[in-house]
There are 2 protein chains.
Amino acid sequence: MTPDLTQNCFRALADPTRRDIVRLLAETNMTIGQLTDQFDMTRAAVKKHLTVLSDGGLITVTAKGRERFNSLNPQGMAPVLSWLEYFDTYWDDHLAALKTAIEKDKK
Amino acid sequence: MTPDLTQNCFRALADPTRRDIVRLLAETNMTIGQLTDQFDMTRAAVKKHLTVLSDGGLITVTAKGRERFNSLNPQGMAPVLSWLEYFDTYWDDHLAALKTAIEKDKK
DNA sequence: TTAATTTGATACCATTTGGTATCGCATCAA
DNA sequence: TTGATGCGATACCAAATGGTATCAAATTAA
């Protein structure tokens, strides 16, 4: 139970492996074993990343027999989105340029 | 010159002091000295944070005499927003599935 | 029951990170 | 010119981070 969810959420997303895990879990719920198959590291390392993601409120775990399925909590992104919203007014001035930048990035 | 702008951007936002700096610079362009007055740490520490923010593409620096004004680069958020956009479709898919289920239930 | 599978937990290690202290270089003011 | 001011750079330190190796517990399969 960590108090500062915003900090934990930003911290969770600051690692490329964890961002990859988030994307994988957006596709399918997976066990640690299945996730470990997708990376070049040990199960213990993946487990640590999952703990950080859990502290950030980004994933939840559901036990099923001896397996534990990790699933994405889409609402976990809320702290990040909320923080970014602060710049809405600031962005109004630059919104056109920003939109253009994002569109370019897509392609 | 850092190659992975997405990673550097997420990393830059992963520290609470740096997020505070970003908010301050959204209000006013400031020198390191002015920023240091806002925090309980040395100028060298603030400078390091500014370097990380610069690596993340979130700020730019403009020299004016012996002062160097740091300003927010609003387009710097683009990598984060772009990454988050991936989950818009995640939301849409789930929403579509939910709608379908409701429609079926009606009949 | 016995053995294999799936996982959690911990000790340990190298590197990164966030911080200070300190030096030297420009620039402005006297 | 002589200080004072604003800044960058570096050496150094404690703590956090990302990883491994290893052990123990619980569930499933033989």
Side-chain angles (χ1 to χ4, degrees), chain A residues 1-25 28-72, chain B residues 1-25 28-72:
Chain A
M1 216 71 77
T2 37
D4 194 342
L5 200 58
T6 298
Q7 171 55 24
N8 288 336
C9 192
F10 271 104
R11 181 171 102 85
L13 294 178
D15 182 273
T17 300
R18 288 196 289 267
R19 287 198 302 277
D20 286 344
I21 291 176
V22 166
R23 284 213 166 182
L24 285 170
L25 293 182
T28 324
N29 295 354
M30 297 173 81
T31 65
I32 285 200
Q34 293 170 324
L35 279 169
T36 303
D37 291 341
Q38 303 292 321
F39 299 95
D40 188 24
M41 64 182 70
T42 64
R43 186 173 48 78
V46 174
K47 168 61 178 169
K48 285 193 178 183
H49 285 305
L50 289 177
T51 299
V52 175
L53 286 168
S54 178
D55 287 346
L58 288 166
I59 63 168
T60 53
V61 188
T62 308
K64 191 169 187 179
R66 67 183 158 184
E67 291 176 317
R68 295 171 64 83
F69 285 92
N70 301 273
S71 56
L72 182 63
Chain B
M1 217 74 76
T2 36
D4 194 342
L5 201 57
T6 298
Q7 170 56 23
N8 287 336
C9 192
F10 271 104
R11 179 171 105 82
L13 293 178
D15 181 273
T17 299
R18 288 196 289 269
R19 288 197 302 278
D20 286 344
I21 290 176
V22 167
R23 284 210 168 184
L24 286 170
L25 293 182
T28 323
N29 294 354
M30 298 173 80
T31 66
I32 286 200
Q34 292 171 326
L35 280 169
T36 303
D37 290 342
Q38 304 292 321
F39 298 97
D40 189 23
M41 63 183 70
T42 64
R43 185 171 49 78
V46 174
K47 167 62 178 170
K48 285 193 178 181
H49 285 304
L50 289 176
T51 299
V52 175
L53 286 168
S54 178
D55 287 346
L58 289 166
I59 64 170
T60 54
V61 188
T62 308
K64 192 170 186 178
R66 66 183 160 185
E67 291 178 316
R68 295 171 64 82
F69 284 92
N70 301 272
S71 56
L72 183 63

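Every chain is numbered from 1, with letters handed out A, B, ... down the list of sequences.
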### Query
When you match A/Asp40 and A/Lys64 each to their closest nucleotide on DNA chain D, which lands nearer the 5' end?
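It is A/Asp40 whose nearest nucleotide is closer to the 5' end.
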### Query
Does anything in residues 9-17 of chain A reach DNA chain C, meaning a heavy atom under 4.0 Å, and if so which residues?
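The stretch gives none, as no residue of it lies under 4.0 Å from the strand.
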### Message
Could you check whether any side-chain N or O of B/Thr51 sits under 3.5 Å from a backbone N or O of B/Lys47, counting only pairs where one atom can act as donor and the other as acceptor?
### Response
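Here the side-chain-to-backbone pair exists.
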Is there a side-chain contact between [X] and [Y], using heavy atoms and a 4.5 Å cut-off?
X: A/Leu13; Y: A/Leu58; value: yes
X: B/Thr17; Y: B/Met41; value: yes
X: B/Ile21; Y: B/Ile59; value: no

How close do [X] and [Y] get, counting heavy atoms only, and between which atoms?
X: B/Phe69; Y: B/Thr31; result: CE2-CG2, 3.7 Å
X: A/Arg18; Y: A/Arg11; result: NH2-O, 3.1 Å
X: B/Asp55; Y: B/Asn8; result: O-CB, 3.5 Å

### Query
Which listed nucleotide (D/dT20, C/dG8, D/dG18) is nearest to the side chain of A/Ala44?
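Side chain of A/Ala44 sits closest to D/dT20.
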### Query
So which nucleotide from D/dA21, C/dT7, C/dG19 ends up closest to the side chain of B/Ala45?
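Nucleotide nearest to B/Ala45's side chain: C/dG19.
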Just the rounded figure in Å: distance from [atom2] of [N] to [atom1] of [X].
X: B/Leu35; N: D/dG6; atom1: CG; atom2: C1'; answer: 13 Å
X: A/His49; N: D/dA16; atom1: NE2; atom2: P; answer: 18 Å
X: A/Arg68; N: D/dA25; atom1: CZ; atom2: P; answer: 17 Å
X: A/Met41; N: D/dA21; atom1: CE; atom2: C1'; answer: 16 Å
X: B/Leu53; N: C/dG18; atom1: CG; atom2: P; answer: 11 Å
X: A/Lys48; N: C/dC12; atom1: NZ; atom2: C1'; answer: 9 Å
X: B/Asp55; N: C/dT16; atom1: CG; atom2: P; answer: 14 Å
X: A/Glu67; N: D/dA29; atom1: CD; atom2: P; answer: 10 Å

### Query
Under 3.5 Å, is there an N or O donor on one side and an acceptor on the other linking the side chain of A/Arg43 and the base of C/dG8?
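Yes, the side chain and the base share a sub-3.5 Å donor-acceptor pair.
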### Task
Mark yes or no for a side-chain to base donor-acceptor pair under 3.5 Å between B/Arg66 and D/dT5, with no hydrogen or angle criteria applied.
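Side chain to base: pair found, below 3.5 Å.
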### Message
With a cut-off of less than 4.0 Å, is there a side-chain N or O of B/Thr42 near OP1 or OP2 of C/dG19?
### Response
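No, B/Thr42 has no side-chain N/O under 4.0 Å of OP1/OP2 on C/dG19.
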